[in-house]
Amino acid sequence: MFGWRIGLCLFFCLFCLAGCESALLQQATPASSPPPAAASTSAQPEDVLAAFVAEWTAQDFPAMYARLASHSRALYSQAQFTDQYTAAHSSLGFDGVEHQLRSVDYQGATAVLRYDIAIRSPAFGQIDDSDRVMRMLSENGWKIAWSPMDIIHGMSSRARLIPSADFLPRANIYARDGAPLAQQGTTYSLYAVQDDMLDSEACLATLAVATRMEISALRRIFADYLGETRFHIAEIDQARYDSYREALAENCAIARSDGAFSKVRSYNSRSYYGQGIAAHAVGYIGAIPAAELERWQARGYSNGSTIGRAGIEAAYESALAGSPQRFLRIVETGGALIRELAGTSGSAPRSLSLTLDRKLQDFTAQAIADAVNYALPSWGALTGGGAIVALDINTGAVLALASYPGFDPQLFNPDTEYRLAAALQRLDSDSRSPLTNKALAEQYTPGSVYKIVTTLAAGSEGIWGRDEIFDCDYIWSGRGRFSFEDARELRSDWRLLEPGPPPPTGPVTMAQALAASCNPFYYEMGALLFERGPNLQVDYAQGLGLGSPVGLSRLGIEAAGELAPPREGTEAINNAIGQGSVGVTAVQMAQLTMLIANGGAFWQPYIVSHISSPGAPGYELVNEPLLAAQLDLDGDTLAVIREGMCLVTTDPDLGTAERVFGDAPYSICGKTGTAETLGNPHSWFVAYAPREEPEIALAGVMTHSREGSEVVAPMIRRILDDYWGYPQKPYPDWWQDPYIPVKTQSQALAEYLADN
């Protein structure tokens, strides 16, 4: 039956309370005789009650109000009546009501109905309200002498429904080694006064490293304030503050002091390690958007609650926040408890463990930020941003995922001390879209890193032999040699783009062609593949995972890439060098590199490993290494690709990244890429390391910058130097020089033909 029953004494007390609500509800002696015949209608009181409850479930308030007695309508307007129900429904999380009639007694022209109701509530479950009393008057049919007690027993104009939800502290997010990425902790707000600085340039350099902000952005903040004005700069977490405390004090005069004007203030709240080294993956918390408030209130949240707004924080809100202990009470205006209607026990928040390697993630985020800051006189001021991704070659686990430019997740925390209008305006006005996860959500022309796919297709199809020689010259023409006519009479090698230019590559094997990134060889392969089968190149690319999301959509939008089948031979030739109708994401290229390194073991990339800890309450294994497929890749061609990628970093004559990695104290095999765009080229580099028994596959892109060997390759060298504990190789000195535009293939070809 229904949940609880009140005692006789409470019944009469509430019965009297109801009498205060309406002059219609007057004490009367019970009568068992039926009503006068004149008052009887075909709709009996129980029928009116049933109809009223059905209309209540449908929330048809006008129909309900029409059933009220005249004196009730005099006491409560339709708007007041509707407001009473609407407010109650909001507190209840109303989802319908059922009733069960107990009895009907007649007292002259009055009918007294005793019944039970059960209110359905997603937030509180079933709310039982038993032994209720409703009075009806005979007014040309039975009309309800209504009061707020007909909503919930115990309600009155002096009482209200109060829902409450008690959340426990949000659970932590950990890296794979148990080091926290997000937790309850101390965040430090940094303030500065320019007149207090001995050297503002030294301060800017310190702040750029400590906050990972661009020096140009810091300069703009400084320019907004007079020299004697104290202003807010940024917020950093405990670990980062401890690391840069002395440098901030010495170079910026930023130190804690007593009083309200301290240049270092702190607050305890959700804190992200390293000022959000993985903000695009971990996400952030924030206030509930007004448009979503009703939906969250149904889950026990209130207007002041915070929720996960992006990334892992949003995708795993239920685990990280748990469910609250909820109460629904009727409380008088003065605070006295009249009645407790319902309560739920809730569930404890559960921590989350990711596959990210915190050290590697930290070094990756820092390497990109340092590179852009250092290169501001050159390509750093022109780039549209980029990303670097690292995968575990033997499991598919995401070890690092960094997108640039980044953002401080504390910006969205209601506890923040940022001057939000200015900070959010800086975010919104940044054309590089800092909130976009460039590792997943954006796709780019790959340039020469795509030649790995073309090599696999040509070698596997027997189009070119492992030891067969190709003469790589400056110029290539396919006119008259194939079953189709190339729309371009002549095509050039990338070496014509270089100052000089350097001598032609000359005779090369397939592996050497990959190492030297010989464009003419890949023009030839594109044409021959198209003749063998127009879709062959696309088929191999799709088999390596290009053209489809990798399966990390819980982090947010994931682009699929582009692999349009060539309609003619000219398109196939363009596609063979990673231009034309080819688009990839950084994470797709990391996945492709993983497949080359491990021989075709298609491990499903994943970033969340488990919820809670093994053996702890609520433990849940979310992901573990999943071998989605074992690709049947041609062994001889794989050997060619690996040889070529290893020559890229070691061969001083052919290797396009040898100047970056030739002196590395570890072995690494990679491929550079420079993708032409309408602006400056995209820089690409993909790699696996070590050469023997590979562990890590990496892929990086920096848009609108320069050649792959010049920009991304030095970043990945810096990352691996730091990760494996070797001295950092300095970034190139010429990054400090004014930018020199990179020629396009068409420009280079035109200049060459004019000179020859």
Side-chain angles (χ1 to χ4, degrees), residues 447-452 454-456 458-459 464-476 491-525 576-578 593 596 636-675 681 683-692 706-714 716-717 720 729-730 732-734 742-743 745 748-749 751-752 756:
S448 293
V449 291
Y450 186 81
K451 290 173 181 175
I452 295 171
T454 307
T455 304
L456 182 66
W464 201 263
R466 177 171 183 168
D467 298 321
E468 197 170 350
I469 300 299
F470 180 88
D471 188 13
C472 187
D473 206 342
Y474 285 143
I475 305 297
W476 179 88
R491 295 174 181 267
S492 63
D493 188 28
W494 66 268
R495 291 196 170 213
L496 285 182
L497 277 60
E498 300 299 296
T505 304
V508 289
T509 63
M510 184 182 283
Q512 291 171 330
L514 183 64
S517 204
C518 169
N519 280 350
F521 175 80
Y522 288 97
Y523 299 144
E524 187 89 5
M525 296 306 104
I577 63 166
T593 307
I596 297 300
D636 288 342
T637 306
L638 267 182
V640 166
I641 294 172
R642 290 169 181 162
E643 179 187 353
M645 292 179 70
C646 295
L647 289 173
V648 165
T649 60
T650 59
D651 190 314
D653 297 320
L654 299 175
T656 54
E658 188 277 336
R659 61 183 172 180
V660 179
F661 292 97
D663 59 351
Y666 45 82
S667 61
I668 178 174
C669 304
K671 181 70 190 82
T672 57
T674 306
S683 170
W684 279 94
F685 187 67
V686 302
Y688 64 86
R691 175 173 184 167
E692 305 298 332
R706 289 191 61 83
E707 296 178 3
S709 62
E710 296 177 327
V711 176
V712 178
I716 288 181
R717 170 67 191 266
L720 294 178
K729 182 170 185 172
D733 290 339
W734 63 263
V742 179
K743 297 176 185 177
Q745 295 280 350
L749 179 60
E751 290 177 8
Y752 176 78
N756 294 275

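The shortest distance between side-chain heavy atoms of Lys451 and Phe521 does not fall below 4.5 Å. For the pair Ser709/Arg659, a side-chain contact is recorded, criterion being any heavy-atom separation below 4.5 Å from C-beta on. Between Leu749 and Ile475 there is a side-chain heavy-atom pair separated by less than 4.5 Å. Contact check for Val449 versus Thr672: no side-chain heavy atoms found under the 4.5 Å cut-off. Lys671 places a side-chain heavy atom less than 4.5 Å from the side chain of Ser448.
For the pair Thr674 (side chain) and Gly708 (backbone), a donor-acceptor distance under 3.5 Å is present. Judged purely by atom type and a 3.5 angstrom limit, Trp494 uses its side chain to pair as donor or acceptor with the backbone of Ser517.
Atom CH2 of Trp464 is separated from atom OH of Tyr522 by 11.5 Å, given to the nearest 0.5 angstrom. The distance from atom CD of Glu658 to atom CG of Asp663, rounded to the nearest 0.5 Å, is 8.0 Å. In this structure, the separation between OG1 on Thr656 and CG on Leu654 is 9.5 Å, given to the nearest 0.5 Å. Taking CD of Gln512 as the reference point, atom OG1 of Thr505 lies at 10.0 Å (rounded to 0.5 Å). Here the straight-line distance linking atom CH2 of Trp476 with atom CZ of Phe470 works out to 8.0 Å at 0.5 Å rounding. The structure places SG of Cys518 at 9.0 Å from OH of Tyr523, a figure rounded to the nearest 0.5 Å.
When all heavy atoms of Arg691 and Cys669 are compared, the pair lying nearest together is CG-SG, 3.7 Å. Between Asp493 and Gln745, the closest heavy-atom pair is O-OE1, 3.9 Å. Nearest heavy atom pair, residue Ile641 against residue Ile596, reads CG2-CG2, 3.7 Å. The two residues Leu497 and Ala748 have their closest heavy-atom pair at CD1-CB, 3.7 Å. The shortest heavy-atom contact between Pro504 and Cys472 is CB-O, 3.8 Å. The two residues Leu514 and Thr455 come nearest to each other via the heavy atoms CD1-OG1, 3.9 Å.
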ask   = Under the side chain to side chain contact (heavy atoms under 4.5 Å, CB included) criterion, do Leu720 and Tyr666 qualify, and how do the steps go?
value = CA-CA 9 Å; Leu720 294 178; Tyr666 45 82; 3.4 Å; yes
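Counted within 6.0 Å of CG on Asn756, heavy atoms from surrounding residues, nucleotides or ligands total more than 12; the atom is thus considered enclosed.
Between Tyr474 and Tyr752, the ring-plane angle classifies as perpendicular under the 30° and 60° cut-offs.
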